[in-house]
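For the numbers below, each heavy atom of this structure counts, side chains included, while hydrogens, waters and symmetry mates do not.
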Amino acid sequence: MRECYAIIGQTIYEINTKKEEKILERLGIFFKVSRIFIIIFVLSILGLILYFTYPLKIQNVLKHTDNIERIHVIYISNGNSTEYLLAKDQGINFDEVIQILGAITYTRKFNTFRGGFGDVIIMTVVYREKDGISNNYSVDIRELGIIISHEKEYRMNGDSKEIINKLVGWITSQ
C-alpha cells in the first residue's frame with residue numbers, strides 16, 4: 001500500500017512539476033512579448049518627440065522653392081490689407097525670399113491654430129513642376145511665429161517679428 005501511495009505521490013509530483021514548467025514557460029513567453037511591446041511603445045514615443053522637435057530648414061517647410069514663377073502676397077496689418085504680385089518675369093529673384101525665411105529653423109506642430117492677432121502675410125506661391133505643369137500652394141506666415149504650409153503647421157524658432165519685418169521690407173521694395 002505504501003508503494004502505491006509512493007507511486008501516486010511520485011506521479012502527482014511529476015505532474016505538478018510538468019505543470020509548473022509549462023506555467024513558467026508561458027510566463028517567460030508573456031514577459032518576452034510584453035518587453036517587446038514596451039520597447040516598441042518607448043521607441044514610438046521617442047520617435048514622435050523627435051518628429052515634433054527636430055529643427056527643419058525652410059526647404060522642408062515650403063516645397064518647390066527652386067522653380068517659383070510668381071507669388072501673390074496679401075499683407076494684413078492693423079486691419080488693413082495690401083496685395084502684391086511678384087513675378088519672375090519682372091526680374092524678381094525669389095532666392096532672396098528663401099534666404100530671409102531660411103535665417104531661422106522651424107519645428108512641426110499639431111494643427112491646432114484657431115486664429116490670432118498681429119501681422120499676417122498670406123502668399124500663394126505659383127511654381128513650375130519638372131514636367132512643365134504649373135501648380136500652386138498657399139503659405140500663411142503669422143507674427144505669432146506660426147507658418148502654415150501644405151495644410152501643416154510649423155513654429156518659427158527665432159524672432160518671428162524680425163522675419164516678418166524683413167519679408168515685408170523685401171516685398172515692398174520690389
Side-chain angles (χ1 to χ4, degrees), residues 24-77 81 84 86 88 92-172 174:
L24 290 174
E25 185 178 312
R26 288 180 184 162
L27 282 174
I29 291 172
F30 172 75
F31 286 123
K32 285 180 185 176
V33 170
S34 64
R35 282 184 201 154
I36 291 171
F37 283 131
I38 289 171
I39 290 170
I40 289 172
F41 179 75
V42 168
L43 288 176
S44 298
I45 295 298
L46 289 174
L48 282 172
I49 290 170
L50 183 64
Y51 181 79
F52 284 104
T53 59
Y54 186 77
L56 301 171
K57 295 180 180 181
I58 192 64
Q59 288 81 4
N60 298 103
V61 175
L62 303 179
K63 311 293 189 227
H64 311 286
T65 56
D66 50 346
N67 295 327
I68 297 174
E69 289 189 346
R70 65 183 174 274
I71 300 177
H72 179 251
V73 179
I74 302 172
Y75 174 57
I76 303 171
S77 178
S81 66
Y84 302 92
L86 310 170
K88 189 182 248 182
I92 295 175
N93 184 5
F94 292 113
D95 291 337
E96 294 175 31
V97 172
I98 303 306
Q99 187 177 7
I100 291 169
L101 293 172
I104 59 173
T105 59
Y106 305 85
T107 50
R108 292 178 183 94
K109 211 173 163 280
F110 288 112
N111 289 346
T112 58
F113 185 71
R114 301 279 184 247
F117 57 90
D119 294 355
V120 180
I121 297 175
I122 302 170
M123 299 190 303
T124 302
V125 179
V126 179
Y127 66 94
R128 189 162 301 279
E129 294 185 19
K130 291 181 182 179
D131 59 2
I133 296 174
S134 189
N135 210 338
N136 67 57
Y137 60 91
S138 294
V139 180
D140 289 9
I141 303 172
R142 307 249 170 196
E143 189 178 38
L144 297 171
I146 295 171
I147 184 168
I148 301 170
S149 173
H150 301 293
E151 299 178 12
K152 294 181 182 175
E153 194 171 314
Y154 301 89
R155 175 156 304 282
M156 295 179 179
N157 300 326
D159 189 1
S160 58
K161 283 187 176 188
E162 181 183 343
I163 295 297
I164 293 272
N165 290 337
K166 284 182 180 179
L167 200 53
V168 168
W170 181 84
I171 292 168
T172 56
Q174 300 303 318

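Taking OG of S149 as the start and CG of L62 as the end, the distance is 5.0 Å to the nearest 0.5 Å. Here I98 contributes atom CD1 and I68 contributes atom CD1; the two are 4.5 Å apart, rounded to the nearest 0.5 Å. For the atom pair OG1 of T65 and CG of L101, the computed distance is 10.0 Å after rounding to the nearest 0.5 Å.
When the shell of 6.0 Å around NZ of K166 is examined, it contains 12 or fewer heavy atoms from other residues, nucleotides or ligands.
Taking each heavy atom of L167 and I100 in turn, the nearest pair found is N-CG2, 4.1 Å. Between F94 and L86, the closest heavy-atom pair is CZ-O, 3.5 Å.
The side-chain hydrogen bond (donor to acceptor under 3.5 Å, both in side chains) check on E69 picks up R128, with sequence neighbours excluded. The side-chain contact (heavy atoms from CB on, under 4.5 Å) check on D66 picks up nothing, with sequence neighbours excluded. Scored by the ring-ring contact (aromatic ring centres under 6.0 Å, His included) test, H64 finds Y127 as partners (sequence neighbours excluded). Partners of N93 under the side-chain contact (heavy atoms from CB on, under 4.5 Å) rule, at least two apart in sequence or in another chain, are D95, E96.
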Can you give me every donor-acceptor pair (side chain of residues 39-60, partner residue at least two apart or in another chain, under 3.5 Å) with its distance?
unit_1: S44; atom_1: OG; unit_2: I40; atom_2: O; d: 2.8
unit_1: Y51; atom_1: OH; unit_2: R108; atom_2: NE; d: 3.3
unit_1: T53; atom_1: OG1; unit_2: I49; atom_2: O; d: 2.6

List, one per line, each side-chain donor-acceptor pair under 3.5 Å for residues 132-148, sequence neighbours excluded.
unit_1: N135; atom_1: ND2; unit_2: E129; atom_2: OE2; d: 2.8
unit_1: Y137; atom_1: OH; unit_2: K63; atom_2: O; d: 2.7
unit_1: E143; atom_1: OE1; unit_2: D119; atom_2: N; d: 3.0

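When side chains are defined from C-beta on, I171 does not count as touching Y75, because their heavy atoms never get closer than 4.5 Å.
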